A.B. asks: 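What follows is a structure written as structure tokens; I'll ask about it next.
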Amino acid sequence: MNPMDILAVHGPRFLQGLGMTLLITGLGALIAGLFAPWLALWRAQGGAVAQGMLRPYISMMRGTPLLAQLFLIYYGSGQFRPELQAMGLWPFFREPLNCAILAFALNSTAYQTEILRGGIMGVPRGEIEAARAIGMTRWTLLRRVVFPHAYRIAWPALGNEIILLMKASALASVVTVYDVMGVARQVYQKTFDFSALLWAAVIYLLVTGIFVTLWRQSERWLSPHVLAMEKRARR
Amino acid sequence: MERLLAFGDAGWGDEILWGTLLTLELAAVTLPVGMLLGFFSAFLSMSANPVLRAIGWAYSTTMRGMPELLTLFIVYYGGGLALNTGLNWLWPGMSFEISPFLAGVIALGLVFGAYAGEVLRGAFQSLNPGQSEAGMAIGMTQRQIFWRIKLPQLWRFALPGLGNLWVNLLKDTSMVSVITLGELMRMSQVAVRTTKEPFFFFLVACAIYWVMCVLSEMILAKMETRANRGIIRARA
């Protein structure tokens, strides 16, 4: 078949696959994004207990392949079926989609924590001292000084991490989730038409391209003072 | 537990060991291929010729924007297809099957090369331009400047980035199990199929990958200290 015919026949499935890829990437990144700032704070400022708990977690998540983590959660949970059923958790672990999102969220939490820790440690000491000097409480200090600056520092690296997660989400197809990669494999197995894989490549490249552009724009929105300086310099 | 990992017919210890060795072999064979592609990519993207620069940009962007698993599938299925079409055109009736190992080396090498190209370009740009100018002033050719001044110092700037890529490569080899290469991940799956002990065997696989990555990081830290010997660093 001609590559255009493949798209005409299977286009809607590819679109569904795109929705699935965006869903697992987005949910994985979002769940990780909810936990990472607090873990990063803990990692940057915590004592020996915090380090003793967080370091092995981060090291294991970053030192083992995501595919192995996914298999451990999806197939490994099957071995504990009676226990999980007793706890009422089995319906969750039975679904490959849930396991994939859980694996991606756990993995991305480790990476995002390390990125944000770098951001938090990059906040100049003087800013924190000044905030303390005018009597900010700890919570206000975090909300108004530490996190806004830490996120500005970490923003480009966070964008990279989301792209890496999007690429890694193709692994979900191995446990029968029909994301872009899953649909491409299915169509290829049915039609033996190689262009199915090439269309998947085009979709992934478009998504990365659009995401990079949007993220770069958001970087500028996050730092309006830099934007103002650029404008002044141009004038 | 010990019984599951016993060697010989009774347990899966030897299968897991061979799988681990194949994982290491795949990574070790891919590394030089990826480094070569990385240098090519860095030269292309730093070239004065806009066409070469565009080629470098296209290579690096596609390889870094596509899932590694997809690259692997395209190389495995498409590479075989292209090769056979070419061979058939030259010698009708001839055919050649691309092996999972070869597909893994090519695909992971292409990915490694794209990221390594960026690392090496950054390293070239961190070199002190005054030194190349000094080389020119004493009449060295561009080639001599490259081999004698730039390349020996490149290592120091590129090592941290390349080290990260090596660890990523080690982990990415697990994907080649999907196209049935009998490396660590695949062997664990085979063991699971017979023993119905998925949690145990995938945990063992994770532990082996983890040990390989932690050992790599330790060796890389030593290499970095060695690469930076004689460099005075400002104390923060």
Side-chain angles (χ1 to χ4, degrees), chain A residues 21 25 56 59-81 107 160 163-175 179-182 184-185 188-189 192-212, chain B residues 23 58 61-82 111 115 164 167-178 183-186 188-189 192-193 195-217:
Chain A
T21 290
T25 311
S59 168
M60 275 187 271
M61 282 295 152
R62 302 206 308 174
T64 57
L66 188 52
L67 187 64
Q69 294 165 16
L70 182 60
F71 279 8
L72 190 63
I73 293 176
Y74 180 56
Y75 294 115
S77 64
Q79 211 174 323
F80 301 101
R81 187 170 168 179
N107 184 274
N160 275 339
I163 289 181
L164 290 180
L165 186 65
M166 202 271 295
K167 294 189 345 173
S169 76
L171 289 173
S173 69
V174 181
V175 292
D179 64 337
V180 175
M181 185 74 208
R185 287 173 68 177
Y188 179 72
Q189 270 159 16
F192 284 102
D193 193 321
F194 186 63
S195 54
L197 296 178
L198 294 182
W199 281 119
V202 170
I203 294 174
Y204 278 112
L205 287 176
L206 277 179
V207 172
T208 344
I210 292 170
F211 180 82
V212 167
Chain B
T23 288
T61 320
T62 44
M63 283 303 145
R64 292 185 304 145
M66 238 160 60
E68 290 81 354
L69 190 63
L70 183 56
T71 309
L72 186 63
F73 270 66
I74 289 179
V75 168
Y76 186 51
Y77 295 115
L81 207 69
V111 173
Y115 284 98
N164 278 339
V167 172
N168 283 346
L169 173 63
L170 264 181
K171 294 191 289 175
D172 284 350
T173 56
S174 64
M175 287 182 212
V176 189
S177 69
V178 180
E183 43 66 86
L184 176 54
M185 208 60 220
R186 186 85 194 165
S188 310
Q189 281 171 281
V192 165
R193 209 163 292 155
T195 60
K196 306 281 180 247
E197 294 270 359
F199 190 78
F200 175 74
F201 278 106
F202 290 134
L203 198 64
V204 167
C206 278
I208 295 174
Y209 280 113
W210 188 61
V211 167
M212 290 195 287
C213 288
V214 169
L215 277 181
S216 296
E217 271 162 16

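Only this structure's heavy atoms are used, side chains among them; waters, hydrogens and symmetry mates stay out. Not measured: the values here are computed from a predicted model.
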A.B. asks: In terms of heavy-atom pairs under 4.5 Å with chain A, which of Asp172(B), Thr62(B), Ile208(B), Val192(B) leads?
C.D. replies: Thr62(B)

A.B. asks: Side chain from CB out, backbone as N, CA, C, O: work out which of these in Met181(A) comes under 4.5 Å of a heavy atom of chain B, or both, or neither.
C.D. replies: side chain

A.B. asks: What part of Met212(B) lies closer than 4.5 angstrom to a heavy atom of chain A: side chain, backbone, both or neither?
C.D. replies: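 Neither part.
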
A.B. asks: Relative to chain B, which segment of Tyr188(A) carries a heavy atom at a distance below 4.5 Å: side chain, backbone, both, or neither?
C.D. replies: side chain

A.B. asks: So which of Arg62(A), Gln69(A), Arg185(A), Met166(A) has the largest heavy-atom pair count under 4.5 angstrom toward chain B?
C.D. replies: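 Sorted descending by pairs with chain B, the first entry is Arg185(A).
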
A.B. asks: What's the separation between atom OG in Ser177(B) and atom CZ in Phe71(A), rounded to the nearest 0.5 Å?
C.D. replies: 6.0 Å

A.B. asks: Looking at every heavy atom in both Tyr75(A) and Pro198(B), which two are closest together, and how far apart are they?
C.D. replies: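 Of all heavy-atom pairs spanning Tyr75(A) and Pro198(B), the closest is O-CG, 3.2 Å.
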
A.B. asks: Are the side chain of Lys171(B) and the backbone of Leu67(A) linked by a donor-acceptor contact shorter than 3.5 Å?
C.D. replies: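 Side chain of Lys171(B) to backbone of Leu67(A), a donor-acceptor pair under 3.5 Å: no, none is there.
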
A.B. asks: With a 4.5 angstrom heavy-atom cut-off, could you sort out which part of Thr64(A) is near chain B: side chain, backbone, both or neither?
C.D. replies: both

A.B. asks: Count the heavy-atom pairs under 4.5 Å between each of Leu70(B), Thr71(B), Thr61(B) and chain A, then report the option with the highest count.
C.D. replies: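 Most pairs with chain A among the choices: Leu70(B).
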
A.B. asks: Could you look at Gln189(B) and say if it's the side chain, the backbone, both or neither that has a heavy atom under 4.5 Å from chain A?
C.D. replies: side chain

A.B. asks: Supply the atom-to-atom distance Met61(A) CE to Cys206(B) SG, rounded to the nearest 0.5 angstrom.
C.D. replies: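 Interatomic distance, Met61(A) CE to Cys206(B) SG, rounded to 0.5 Å: 8.0 Å.
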
A.B. asks: Output the option from Gly78(A), Ala200(A), Ala170(A), Ser59(A) having the highest count of non-hydrogen pairs under 4.5 Å with chain B.
C.D. replies: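 Greatest number of close heavy-atom pairs with chain B: Ser59(A).
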
A.B. asks: Measure distances from Leu171(A) to the heavy atoms of chain B and classify the residue's part below 4.5 Å as side chain, backbone, both or neither.
C.D. replies: both

A.B. asks: What part of Ser169(A) is in contact with chain B, defined as an atom under 4.5 angstrom from a non-hydrogen atom: side chain, backbone, both or neither?
C.D. replies: neither

A.B. asks: Tell me whether the rings of Phe199(B) and Phe80(A) are parallel (<30°), tilted (30 to 60°) or perpendicular (>60°).
C.D. replies: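 If you compare the ring of Phe199(B) with that of Phe80(A), the planes turn out perpendicular.
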
A.B. asks: From Leu197(A) CG over to Leu81(B) CG, what is the distance, rounded to the nearest 0.5 angstrom?
C.D. replies: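 One finds 10.5 Å between CG of Leu197(A) and CG of Leu81(B).
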
A.B. asks: Does the side chain of Val174(A) reach to within under 4.5 Å of the side chain of Leu69(B), using non-hydrogen atoms?
C.D. replies: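 The answer is yes; the side chains approach within 4.5 Å.
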
A.B. asks: First locate atom CD1 of Ile203(A), then atom CE of Met66(B), and finally report the distance between them rounded to the nearest 0.5 Å.
C.D. replies: 12.5 Å

A.B. asks: Quick one: closest heavy-atom pair of Lys167(A) and Arg64(B), and the distance?
C.D. replies: NZ-O, 3.1 Å

